[in-house]
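What you see is a predicted model, and the numbers here were worked out from it, not measured in a lab.
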Amino acid sequence: MKSEYIILMPLAIQLFGLTPVVLRDAYLNKKQKRIMLGIIGLITLLVIQNVSDYILQTSVSMPYLRTLVGIIGYSIRPIIIVLFCKLVKPDVKNTVAWILVAINAVIYSTALFSNAVFYIDSQNHYHGGEFPIKLSNTAFIISFVLLAHLVYCTITVYKKKKSWVWVAAVNIAIVVFSALLDVSPAYTDYPVSYLTISVVCCSLFYYIWLHLEFVREHERALMSEQRIKIMMSQIQPHFLYNTLSTIQALCRIDPQKAFETTEKFGTYLRHNIDSLDSPDLIPLERELEHTRVYAEIEMLRFPKISVDYQVETDDFYVPALTVQPIVENAIRHGVRSREHGVIEVCATEKTDCYEIIIKDNGVGFDTAELATAEGSHIGIKNVRERIEKMCGGTVTVDSIIDKGTVVTIRIPR
């Protein structure tokens, strides 16, 4: 192998190494895998086209065949960009982009019977075309238009992610720089053009970045699934049965109270179900309202229990079902057996955080049990995980047997 062909080795390693990675990528669906394999196939064809053009230019003089090879090269590049647009937005048809690809291919196909775009003379020299408009630059112009479209697709899908800025900027800078090198006076002929090398490298970079985004989407989907399980676990069957039994008893002795309790129970259920579709944070005010509704229903059954609220500020956001599960835990496992069970819910604003404290005078428990988070403590574990992942906050638990429990939630400002 001649020394100039050594550049093919790293390109081949990237392309052939990327193929099994894509096939085994668990975060790509079948459609995305087909698109990515199509991109790899076209890039491989582009490399072969470059090598063929180099051979036809330096070793074998076949102007017509070189013209055909040139048409293939000019036609492939825009297709690769459109396929990346398709990879970012699989369900979008990209009709206008495909029309531009078709126009580009038709324009360059005229080189088979016309000198308007480009031609290879009998001495095997390339010429840019005789048409007054520089049609030989059509592929570059359309490719840059499609690159802008790819950036737009990336922005619309990942607008909440700042990483798309540097990914798009770096890839476009590499492509533009490589294209300028190919047309600069300092250009030296190689089997593969600078632009093709940049296409291979940028495709690998862009795939890696997309893969990381797909992984994050998968993690978000898992968190969403976990959230649904958490929310559903809050609607405990025993609480439903006991509340319905309470309403049934109230219907006989206090119909008005039964009506009010039914309304509160409906509000409680609606909030829990609404939380299933709410991946975002909610105002603390809304969470406290849900907590009050729950506590008032429980206090009908356990009149010796009281829940006091000392809220200095509620102008911040928390994950849905953050305070209510802890209050529920305090009632069910802490204060229900007390002669006079008291739960205090406090919300204050500190210098660097918002602080929520749920304190009770219940029976307490061994906090070492939180490590396993089984049974009665699973709710605290769920709250802690969501506070950490969604807010970057912390949940600490202090409990003394037969004295009570203090749960402190801190949300960074």
- Message: Go through it in stages, so that I can follow the logic: the residues are E298 and R301, the test is salt bridge (charged side-chain N to carboxylate O under 4.0 Å, His left out), and I'd like the CA-CA distance, side-chain angles, deciding distance and then a yes or no.
- Response: CA-CA 5 Å; E298 286 286 60; R301 297 177 52 234; 3.0 Å; yes

- Message: Using the rule given for side-chain contact (heavy atoms from CB on, under 4.5 Å), can you reason through V101 versus W98, listing the C-alpha separation, both sets of side-chain angles and the distance that settles it, and then say yes or no?
- Response: CA-CA 5 Å; V101 167; W98 285 118; 4.2 Å; yes

- Task: List the steps and the verdict of side-chain contact (heavy atoms from CB on, under 4.5 Å) for I387 and T394.
- Result: CA-CA 6 Å; I387 288 291; T394 60; 5.8 Å; no

- Could you give me the CA-CA distance, side-chain angles and deciding distance for L23 and L37, then say whether side-chain contact (heavy atoms from CB on, under 4.5 Å) is met? CA-CA 8 Å; L23 288 172; L37 290 174; 3.6 Å; yes

- Tell me, with the steps shown, if Y108 and F118 meet side-chain contact (heavy atoms from CB on, under 4.5 Å). CA-CA 8 Å; Y108 282 99; F118 77 93; 3.9 Å; yes

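When all heavy atoms of I142 and P78 are compared, the closest pair comes out as CG2-CB, 4.4 Å. V88 approaches C153 most closely through the heavy-atom pair CG1-O, 3.8 Å. Closest heavy-atom contact between A105 and S109: O-OG, 2.7 Å. Between L15 and I40, the closest heavy-atom pair is O-CG2, 3.9 Å. Of all non-hydrogen atoms in L18 and L204, the two that sit nearest each other are CD1-CD1, 3.8 Å. Here the shortest heavy-atom pairing between E339 and K304 reads O-CD, 3.2 Å.
Contact check for Y354 versus L284: no side-chain heavy atoms found under the 4.5 Å cut-off. In this structure, H333 and T405 have side chains that are not in contact, with every pair of non-hydrogen atoms separated by 4.5 Å or more. Using a 4.5 Å heavy-atom threshold, the side chains of Y207 and V22 count as touching. The shortest distance between side-chain heavy atoms of L68 and L112 falls below 4.5 Å. Put simply, the side chain of E312 does not reach to within 4.5 Å of the side chain of E349, judged on heavy atoms. A 4.5 Å side-chain heavy-atom check between T408 and E355 finds at least one atom pair inside the cut-off. Between P319 and L281, some side-chain heavy-atom pair lies under the 4.5 Å cut-off. Counting heavy atoms from C-beta outward, Y74 and V117 have side chains that stay 4.5 Å or more apart.
To the nearest 0.5 Å, atom CZ of residue F140 and atom CG of residue L195 are 6.0 Å apart. Note that CD1 of I208 is 7.0 Å distant from CZ of F205, once rounded to the nearest 0.5 Å. Distance check: R410 CZ to D352 CG gives 9.0 Å after rounding to the nearest 0.5 Å. Annotation: the span from L150 atom CG to Y152 atom OH amounts to 13.0 Å, rounded to 0.5 Å. Taking CG of L100 as the start and CD1 of I81 as the end, the distance is 11.0 Å to the nearest 0.5 Å. We find the CD1-CZ distance between I400 and F365 to be 11.5 Å, quoted to the nearest 0.5 Å.
In terms of modelled atom types and a separation under 3.5 Å, the side chain of R338 and the main chain of G362 share a donor-acceptor contact. Between the side chain of K86 and the backbone N or O of V92, at least one donor-acceptor pair lies under 3.5 Å. Judged by distance alone, the side chain of R336 and the main-chain N or O of G341 form no donor-acceptor pair under 3.5 Å. With hydrogens and angles disregarded, a donor-acceptor distance shorter than 3.5 Å links the side chain of Q32 to the backbone of N29. At least one donor-acceptor pair closer than 3.5 Å links the side chain of R386 to the backbone N or O of L321. No donor-acceptor pair under 3.5 Å is formed between the side chain of R286 and the backbone N or O of Y317. Counting only distance, with no hydrogens or angles, the side chain of Q49 and the backbone of V69 share a donor-acceptor pair below 3.5 Å. For the pair K359 (side chain) and V406 (backbone), a donor-acceptor distance under 3.5 Å is absent. At least one donor-acceptor pair under 3.5 Å links the side chain of E287 to the backbone N or O of V323. Judged by distance alone, the side chain of N329 and the main-chain N or O of P325 form no donor-acceptor pair under 3.5 Å.
In the displayed structure, D315 atom CG is contacted under 6.0 Å by at most 12 heavy atoms of other residues, nucleotides or ligands. The number of heavy atoms from other shown groups lying within 6.0 Å of CZ (R413) is above 12. By the neighbour-count criterion of 12 heavy atoms within 6.0 Å, atom NZ of K257 is sparsely surrounded, having that number or fewer from other residues, nucleotides or ligands. Heavy atoms of other residues, nucleotides or ligands lying less than 6.0 angstrom from NZ of K403 number 12 at most.
D53 and Y126 form no side-chain donor-acceptor contact under 3.5 Å, judged by distance and modelled atom types alone.
The aromatic rings of W209 and Y206 sit tilted, their planes meeting at an angle between 30° and 60°.
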